[in-house]
Asks: 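Dumping the structure here so I can ask a few things about it.
Chain letters run A, B, ... following the sequence lines, proteins first, then strands; residues in each count from 1.
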Amino acid sequence: MPELPEVETVRRGLAPTLVGARIVGVELRRHDLRLPFPKDFAKRLRGRRITELSRRAKYLIASLDDGQALIAHLGMSGSFRVESIPEPVGAFALTRNKNPNHDHVVIRLENGAVIYNDPRRFGFMTLIEGAALDQQDFLARLGIEPLSNAFHAQALAGLFAGRKTSLKAALLDQSLVAGLGNIYVCEALHRAGLAPDQAAAGLAGPQDRPTKETEKLVRAIRDVLEEAIAAGGSSLRDHRQADGALGYFQHQFRVYDRAEEPCLRLKCTGIIQRRTQNGRSTFFCPACQK
DNA sequence: ATTGAGTCCTGAAGGC
DNA sequence: TGCCTTCAGGACTCAA
């Protein structure tokens, strides 16, 4: 499931191919993903040169030379792959085990193609005027970028103040901190030694001043995201890097998908538990997460 | 305003 | 073996 580290991995993988390249054509194999493609999507992209490939939370943003921006969200199962021309007709060697029936978008460049594949179609793409980027609803609603300087204990304490919801639900709320998903929230909470079901407001502390726990949580989130990016993301189900390589951070999970296995914290003798919280699986160690 | 439940989708995994 | 059911989850919409 692409969360921030996976999207960043995809960005880094695609950048050498996309930045500076001209789009010679776009082929849509269906009219929508989770959302419909905007009107004249292919036509508005054709002939444009990509000037920059950036990321905001789990969104990829390709800036174009005419001021437009192509926004892509990978949903749960979206991935890009790069193919160089000539594309082998009828050959499946380069599809890397992906069902070509789920190749929904082909972006043709002068010297190759970038193909978007998404079995579950929870992703989407849209095209907006760059000047309106910050006003786009789904981007404007996003909270703090967790790898930015704006993400610090004081800010997090302010966001959590007065929240009745659980710590885990608060961290999954993209309007507070943007880019975390189920896996990295579980991992960060374990690293910080914090129980997922405690009230988020408790992390705000008196006068909304950050507590030691808030400081720990900020560090844990940063660390786990940076380590995951360095590992090329986590390959669960079908996340791969743009060059088809697998990320390997899943081997460093300490709680996610480890129910009934021993806690990996030094000297902790707890057993990892799985519980459903807000309709999502939460993995945690009841012994060392308080 | 905040919060939680329901929804979309397909492939993997488990049960019989 | 194979069919059937259940589950996974990001982010939207809706309702309390």
Asks: Once salt bridge (Lys or Arg N to Asp or Glu O under 4.0 Å) is applied, do any residues pair with A:Arg56, and if so which ones, sequence neighbours excluded?
Replies: A:Glu145
Asks: For A:Lys168, which residues count as a side chain to side chain donor-acceptor pair (under 3.5 Å) partner, sequence neighbours excluded?
Replies: A:Asn182, A:Thr282
Asks: Who pairs with A:Arg46 by salt bridge (Lys or Arg N to Asp or Glu O under 4.0 Å), at least two apart in sequence or on another chain?
Replies: none
Asks: Check nucleotides 5-10 of chain B against the protein and report each pair of N or O atoms closer than 3.5 Å, with its distance, or say if there are none.
Replies:
{"residue": "B:dT10", "atom": "OP1", "partner": "A:Arg121", "partner atom": "NH1", "Å": "3.1"}

Asks: Establish, with yes or no, whether the OP1 or OP2 oxygen of C:dG10 is under 4.0 angstrom from a side-chain nitrogen or oxygen of A:Tyr184.
Replies: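 For C:dG10, OP1/OP2 do not have a side-chain N/O of A:Tyr184 under 4.0 Å.
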Asks: Taking CG from A:Asn101 and C1' from B:dG11, how many angstroms apart are they, rounded to a whole number?
Replies: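 One finds 13 Å between C1' of B:dG11 and CG of A:Asn101, rounded.
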Asks: A:Asp223: what forms a salt bridge (Lys or Arg N to Asp or Glu O under 4.0 Å) with it, not counting sequence neighbours?
Replies: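 A:Asp223: no salt bridge (Lys or Arg N to Asp or Glu O under 4.0 Å) contacts found.
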Asks: Output the rounded distance in Å from CD (A:Gln277) to P (C:dG9).
Replies: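 In whole Å, C:dG9 P and A:Gln277 CD are 12 Å from each other.
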Asks: Taking five pairs at each end, how big is the angle between the two axes of the helix from B:dT2-C:dA16 to B:dC16-C:dG2, to 10°?
Replies: 50°
Asks: Is A:Phe124 touching bases, backbone alone, or none of the nucleic acid, heavy atoms closer than 4.0 Å?
Replies: nothing
Asks: Which residues in residues 166-182 of chain A have at least one heavy atom lying under 4.0 Å from any atom of DNA chain B?
Replies: none
Asks: When you look at CG of A:Asn149, are more than 12 heavy atoms from neighbouring residues, nucleotides or ligands closer to it than 6.0 Å?
Replies: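 No, because the 6.0 Å sphere around CG of A:Asn149 holds 12 heavy atoms or fewer from other groups.
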Asks: In this structure, how many angstroms lie between the P atom of C:dG9 and the CG atom of A:Leu74, rounded?
Replies: 17 Å
Asks: If I take atom CG in residue A:Asp257 and atom C1' in nucleotide B:dA12, what distance separates them, rounded to the nearest angstrom?
Replies: 12 Å
Asks: Residues two or more places apart in sequence or in another chain: which of them pass side chain to side chain donor-acceptor pair (under 3.5 Å) with A:Arg219?
Replies: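 By the side chain to side chain donor-acceptor pair (under 3.5 Å) rule, A:Arg219 matches no residue at all.
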Asks: Would you tell me if any nitrogen or oxygen in the side chain of A:Thr165 comes within less than 4.0 Å of OP1 or OP2 on B:dG4?
Replies: yes
Asks: Does A:Ser281 put a side-chain nitrogen or oxygen below 4.0 Å from OP1 or OP2 of C:dA8?
Replies: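 Looking at the OP1 and OP2 atoms of C:dA8, one of them is under 4.0 Å from a side-chain N or O of A:Ser281.
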Asks: Would you mind listing every ring pair (Phe, Tyr, Trp, His ring centres under 6.0 Å) that reaches into residues 261-290 of chain A, with sequence neighbours excluded?
Replies: A:Tyr256-A:Phe283
Asks: Provide, to the nearest angstrom, the distance between the CG atom belonging to A:Leu4 and the C1' atom belonging to C:dA11.
Replies: 16 Å
Asks: Which pairs would a plain distance check flag for residues 151-164 of chain A, meaning a side-chain donor or acceptor within less than 3.5 Å of a matching protein atom at least two apart in sequence or in another chain?
Replies:
{"residue": "A:His152", "atom": "ND1", "partner": "A:Ala155", "partner atom": "N", "Å": "3.1"}
{"residue": "A:Arg163", "atom": "NE", "partner": "A:Leu159", "partner atom": "O", "Å": "3.2"}

Asks: For A:Lys164 and B:dG4, give me the distance from atom NZ to atom P, rounded to whole Å.
Replies: 11 Å
Asks: Using the ring pair (Phe, Tyr, Trp, His ring centres under 6.0 Å) rule, collect all pairs that involve residues 48-72 of chain A, keeping only residues at least two apart or in two chains.
Replies: A:Tyr59-A:His73, A:Tyr59-A:Phe138
Asks: Indicate yes or no: does A:Glu187 engage A:Arg254 in a salt bridge with an N to O separation below 4.0 Å.
Replies: no
Asks: Could you tell me how far apart A:Met76 (CE) and B:dA12 (P) are, to the nearest whole angstrom?
Replies: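 So the CE-P distance, A:Met76 to B:dA12, works out to 13 Å.
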Asks: With a cut-off of less than 4.0 Å, is there a side-chain N or O of A:His73 near OP1 or OP2 of C:dA11?
Replies: yes
Asks: Provide, to the nearest angstrom, the distance between the CZ atom belonging to A:Arg163 and the P atom belonging to B:dT3.
Replies: 5 Å
Asks: If we ignore angles and hydrogens, is there a donor and acceptor under 3.5 Å between the side chains of A:Ser166 and A:Gln277?
Replies: yes
Asks: List the atom pairs, with distances to 0.1 Å, where a side-chain N or O of residues 12-24 of chain A and a protein N or O form a donor-acceptor pair under 3.5 Å, not counting sequence neighbours.
Replies:
{"residue": "A:Arg12", "atom": "NE", "partner": "A:Glu8", "partner atom": "OE2", "Å": "2.8"}
{"residue": "A:Arg12", "atom": "NH2", "partner": "A:Glu8", "partner atom": "OE2", "Å": "3.4"}
{"residue": "A:Arg22", "atom": "NH1", "partner": "A:Gly47", "partner atom": "O", "Å": "2.5"}

